[in-house]
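Presented below is the structure to which this report refers.
Excluded from the calculations below are hydrogen atoms, water molecules and symmetry mates; all remaining heavy atoms, backbone and side chain alike, are included.
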Amino acid sequence: MNAIVAVIGGGYGGATVAKALDAEADVVLVEPKDAFVHAAGSLRALVRPDWAGSIFFPYDRLLTRGRVVRERAASVDAGGVTLASGRRIDADYVVLATGSAYPYPAKFDTDSTEEALGLLRDTHGELARAERVLISGAGPVGLELAGEIKAVWPEKRVTIVDPAPELLPGFAPGLREDLHRQLDALGVELRLGTAPVTEPPAGPGRAEAFTVATTDGGKIGADIWFRAHGVRVHGGFLGAGLAEATTPAGHVRVDELLRVEGQERVYAVGDITDVAEAKMAGYAMRHAEVVARNVLAQIRGERPEAAYRPSAVPSVLLPLGPLGGVGQFPSPEGPLVLPAETVAEYKGNDLFTGRFVELFGTGAPASASVTGMPASA
């Protein structure tokens, strides 16, 4: 009988590790969504509804031998998972891959593709009739959203506010300089070191003119706003023996093999881990490669030895629409800053949607392997 591996969560890391283990283990992927959502494409899907279908990938062809259980995990322990229905799935190995929540439109708070597409259509309509757009948060999501809006509606007035004094701290000065230059060229107003004193009266994504005071003593007006900050780890399902391994922020403590602290056969990948690096899709998929190697080694009676070591130099591919953006990769000489043309070639043109065709078996094989995706996707 093959070893049973329960993978909790079918996002970037979970889908990748489930696929990698499918040939040699009985994989059970527990995921409430009816399709994988390529979140890196959700902002473009907002401004281009005709493109929105490209970011949803059904799970029915992900696994050949294993199975996908479309339920929510109520409690997970070292011996398996108890589902919200009360059904129990016992497992020899458990992989925690539930990721994190983030404000819409970067991520969706629904398990239904149909509902998500409806939300995108509705919000697109609201955004289309707004002349002034406020984005709260100048991290990668807020910046990408501004770029996508300007690519479709260059005439809209887009303002980004953030209490931080500078953009993307920790990245090379050359990257930040190029980012400021491109934002200026797009006509995006950037107000750093300040934030709204109170949230606008209408909810995010709803068109309604407003003016709010800012913490620097000024005011800002817009017709619609979006929140681009506030990550929340999905970890409330952790049961006995696993909940004790969490940090105050809710992340799961893991060793260099990505095993959960105090466990021999429980691993974690992606946003739920306490690995000291940015929480990005590409990193989750690299975690998945390491975990798959270690689980397979244990199944074969070998010692797990694949270690994950975060890069000392952060990397990012940050498109500003299909043709703009900035990037940074590690290199032996230090941070390598990438021009907009390279960012567009790697990511901006299709936001890696083509690379998930092969993983999910929805069409012809992609031109590059999914696990070769840069860490900043």
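- Electrostatic pairing of Lys19 and Asp22 does not count as a salt bridge here, judged by no charged N lying under 4.0 Å from a carboxylate O.
- Using a distance-only test at 3.5 Å, with no hydrogens or angles considered, a donor-acceptor pair links the side chain of Asp223 to the main chain of Arg132.
- Taking the charged nitrogens against the carboxylate oxygens, Arg88 and Asp90 do have a contact shorter than 4.0 Å, which makes a salt bridge.
- Judged as a side-chain hydrogen bond (donor to acceptor under 3.5 Å, both in side chains), the pairs with a partner in residues 202-218 (not counting sequence neighbours) are, in order, Thr194-Thr215, Thr194-Asp216, Thr214-Asp216.
- In Glu244, the CD atom is crowded: over 12 heavy atoms of neighbouring residues, nucleotides or ligands sit closer than 6.0 Å.
- A side-chain donor-acceptor contact under 3.5 Å links Thr16 to the backbone of Tyr12.
- Heavy atoms of other residues, nucleotides or ligands lying less than 6.0 angstrom from CZ of Arg176 number more than 12.
- Aromatic ring centroids of Tyr104 and Phe226 lie 6.0 Å or more apart.
- Between the Lys156 side chain and the Ala128 main chain, a donor and an acceptor come within less than 3.5 Å of each other.
- The backbone N or O of Pro304 sits nowhere less than 3.5 Å from a side-chain atom of Gln298 that would complete a donor-acceptor pair.
- Taking the six-membered ring where tryptophan is involved, the planes of Phe57 and Phe356 are tilted, since the angle between them lies from 30° to 60°.
- Checked by atom type, the side-chain pair Ser315/Tyr283 shows a donor-acceptor distance below 3.5 Å.
- Contact annotation: the side chain of Val254 approaches that of Asp274 to within less than 4.5 Å [non-hydrogen atoms, C-beta and beyond].
- Between the Thr353 side chain and the Ile55 main chain, no donor and acceptor come within less than 3.5 Å of each other.
- With a 6.0 Å radius and a threshold of 12 heavy atoms from other residues, nucleotides or ligands, Arg70 has its CZ atom above the threshold.
- Of the possible polar contacts, none joining the Thr123 side chain to the Leu120 backbone as a donor-acceptor pair under 3.5 Å is found.
- For Arg259 (side chain) and Val266 (main-chain N/O), no donor-acceptor pair under 3.5 Å exists by modelled atom type.
- Ring planes of His124 and Trp153: tilted class, angle from 30 to 60°.
- Expressed to the nearest 0.5 Å, how far CD of Glu305 lies from CZ of Arg293 amounts to 11.5 Å.
- Ring geometry for Phe108 versus Phe56: interplanar angle of 30 to 60°, hence tilted.
- Of the charged side-chain nitrogens involved, at least one lies within less than 4.0 Å of a carboxylate oxygen, so that Lys347 and Glu144 count as a salt-bridged pair.
- More than 12 heavy atoms of other residues, nucleotides or ligands sit less than 6.0 Å from atom CZ of Arg129.
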Let me check something: any side-chain donor-acceptor pairs from residues 330-345 under 3.5 Å, sequence neighbours excluded? List them with distances.
| residue | atom | partner | partner atom | Å |
| --- | --- | --- | --- | --- |
| Ser331 | OG | Glu333 | N | 3.4 |
| Ser331 | OG | Gly334 | N | 3.4 |
| Ser331 | OG | Gly334 | O | 2.5 |

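- The closest donor-acceptor contact from the side chain of Lys279 to the backbone of Ala284 lies at 3.5 Å or more, if one exists at all.
- The ring of Tyr308 has its center closer than 6.0 angstrom to the ring center of His287.
- With hydrogens and angles ignored, the 3.5 Å screen pairs a side-chain donor or acceptor of Gln263 with a backbone N or O of Gly241.
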